[in-house]
Amino acid sequence: MMEGPGAPRPGSLRRSGWRGAVARLLVAAVAAIALPAHGGPTLDHVRSVGRIRCGVVVTPEDWNKTDLHGPLAALDIQVCTAIAVAVNGARSALDVVPFASELEAEEGLSTAAVDLVVGVTPDATSMWHWKIAFGPPVLYDGLGILVRGDSSATTLADLAGYKVCVVEGTDNERVLLARTVARGIRIVPLPFQEEGEMDDGLAVRHCDAISAQRSRLAAIKGAYPKQLARDRILPELLTLSPVAPAYRRDDPEWSMIVDWTVHALIQAEASGVTRANVAAQRASEDPVVQRLLGADWATSRALSLPAHDWAATVIATVGNYGEIYDRTLGDDSPLRLPRGLNALWSSGGLMRPLPVQ
């Protein structure tokens, strides 16, 4: 039985709720234990310099035929910011390093020119060649179809006889032809050498439809607001192309921080924790929210982070995943790209977190 000035008075557990009292005692006990001194080479470096170097892919128009996503840098930078805040707090410094292609970004990561990269598509060849690994996807892109607004097409099968424009010599072209031939859909493919020329072809109605990554299709609509305002992206995807953070694979401590920062952003949306209400949500009785916002030190100790409420600071700075998506790709951005597969798993999407605990 506890005695002395620090012990609860008889009946106090019943009045305040025994769960809350026990939780407070556990927090105090864990907080008294020193945090691990070592967090891996990348974390040690980031702490010593007080800033994170984050690589993002900013592909110039028509620069190559390999990285054919739309403009994702705004989303990538927000994820970089979240990771920087998790490590060094709300005033953390972030250096954004642009790369002209995913290949260059992965090479820069391998040579330690940056601490991480956000916005690359995972593949086994890159993991082997550059000695890197990939975190949980922050976006699911994929090959889609944009059709004219006066078209009655609603599925790929409806494109029989349509002139479909695509960039020649790319995986996009090969997949489009393979899928339509396999299903007996006789499209009229119109290959272009450059993305800009292909976009113009749709704007002047030389094409009935255009095939590209969905993020690119959204960017095309934004580039021609008058001509393509009524054009629509079909819901059907021909490929799935996840976009993820990457880190050097010899540093598991750093990879854990990156991974669980992404999981925290997704869990925050699932739990209704936003940039506006995160302070009030600290009083939540939901155990999932309590663990997310740092009611105990379990996650911060596991990740070698000094602040038990690191996720709360991240959310207060950048918001949850849904808020980030809306302002960088969704309805509050010029792209207005529907969530689709980037919705939460509870809404039919693929975004689901691992437990933040």
Side-chain angles (χ1 to χ4, degrees), residues 46 50-52 54 56 71-96 116 118-119 135-140 243-245 257-297 299-300 303 305-347 349-357:
V46 165
R51 63 199 314 112
I52 289 178
C54 185
V56 300
L72 303 179
L75 170 70
D76 301 338
I77 291 170
Q78 288 293 293
V79 176
C80 293
T81 301
I83 295 165
V85 171
V87 174
N88 286 328
R91 297 184 178 180
S92 176
L94 176 68
D95 292 337
V96 177
L116 77 154
V118 180
V138 296
L139 180 76
Y140 288 96
V243 175
I257 292 173
V258 175
D259 289 2
W260 257 264
T261 301
V262 175
H263 292 315
L265 295 173
I266 300 171
Q267 183 60 62
E269 182 183 8
S271 295
V273 182
T274 68
R275 185 157 52 175
N277 71 14
V278 62
Q281 288 279 23
R282 289 175 184 267
S284 172
E285 294 294 328
D286 185 334
V288 174
V289 174
Q290 290 176 350
R291 288 191 289 266
L292 173 67
L293 301 184
D296 58 47
W297 287 72
T299 305
S300 60
L303 300 178
L305 297 176
H308 70 98
D309 59 349
W310 63 273
T313 305
V314 168
I315 299 161
T317 304
V318 300
N320 62 40
Y321 176 79
E323 292 177 291
I324 292 173
Y325 186 97
D326 285 345
R327 67 174 178 265
T328 59
L329 299 177
D331 289 342
D332 297 332
S333 79
L335 295 182
R336 301 182 65 82
L337 184 66
R339 287 286 292 267
L341 293 180
N342 297 294
L344 296 177
W345 81 101
S346 55
S347 299
L350 297 180
M351 286 296 174
R352 59 188 186 277
L354 295 183
V356 184
Q357 62 186 56

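In terms of heavy atoms, L354 sits closest to H263 at N-ND1, 3.3 Å. A pairwise comparison of heavy atoms in A84 and L94 identifies CB-CD1, 4.5 Å as the closest pair. In this structure, T328 and Q78 approach most closely via the heavy-atom pair CG2-CG, 3.9 Å. A pairwise comparison of heavy atoms in S300 and A307 identifies CB-O, 3.5 Å as the closest pair. In terms of heavy-atom proximity, T274 sits nearest to E323 at CA-OE1, 3.5 Å. The two atoms that bring M351 and I266 nearest to each other are SD-CD1, 3.8 Å, heavy atoms only.
Using cut-offs of 30° and 60° for the angle between ring planes, the Y321 and Y325 rings count as tilted.
With sequence neighbours left out, A90 forms a side chain to side chain contact (heavy atoms under 4.5 Å, CB included) with T313, T317. Residues that satisfy the salt bridge (Lys or Arg N to Asp or Glu O under 4.0 Å) test with D286, not counting sequence neighbours, are absent from this structure. The salt bridge (Lys or Arg N to Asp or Glu O under 4.0 Å) test applied to D309 returns R282, not counting sequence neighbours.
Annotation: side chain of P137 is not in contact with side chain of V243 (no heavy-atom distance under 4.5 Å). At least one side-chain heavy atom of C54 sits less than 4.5 Å from a side-chain heavy atom of V118. Between V288 and Q267, some side-chain heavy-atom pair lies under the 4.5 Å cut-off.
Between W310 and the options T261, V85, V87, a side-chain contact (heavy atoms from CB on, under 4.5 Å) holds for only T261. Of the residues listed (V138, V56, L116), the one engaging V79 in a side-chain contact (heavy atoms from CB on, under 4.5 Å) is V138, and it is the only one.
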Next on the checklist: Using the rule given for side-chain contact (heavy atoms from CB on, under 4.5 Å), can you reason through W260 versus L303, listing the C-alpha separation, both sets of side-chain angles and the distance that settles it, and then say yes or no?
Outcome noted: CA-CA 9 Å; W260 257 264; L303 300 178; 4.0 Å; yes

Checklist entry - Please walk me through it: do D296 and R291 pass side-chain contact (heavy atoms from CB on, under 4.5 Å)? => result CA-CA 6 Å; D296 58 47; R291 288 191 289 266; 4.1 Å; yes

Item to check | Stepwise side-chain contact (heavy atoms from CB on, under 4.5 Å) test for T299 and V356 | outcome: CA-CA 7 Å; T299 305; V356 184; 4.2 Å; yes

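When atom types are taken as modelled, the side chain of D331 and the backbone of D326 share no donor-acceptor pair closer than 3.5 angstrom. A side-chain donor-acceptor contact under 3.5 Å links E269 to the backbone of G322. Between the side chain of S271 and the backbone N or O of A268 there is no donor-acceptor pair closer than 3.5 Å.
Atom CD1 of residue I77 and atom CD1 of residue I324 lie 12.0 Å apart, to the nearest 0.5 angstrom. Within the model, atoms CG of L293 and CD1 of I315 stand 5.5 Å from one another, a figure rounded to the nearest 0.5 Å. To the nearest 0.5 Å, atom CG of residue L75 and atom OG of residue S333 are 10.0 Å apart. With values rounded to the nearest 0.5 angstrom, I83 atom CD1 is found 7.0 Å from I52 atom CD1. Going from atom CZ of R339 over to atom CG of L329 covers 10.0 Å, rounded to the nearest 0.5 Å. Atom OH in Y140 sits 8.5 Å away from atom CG in N342 (nearest 0.5 Å).
Using a 4.0 Å cut-off between charged nitrogen and carboxylate oxygen, D332 and R327 do not count as a salt-bridge pair.
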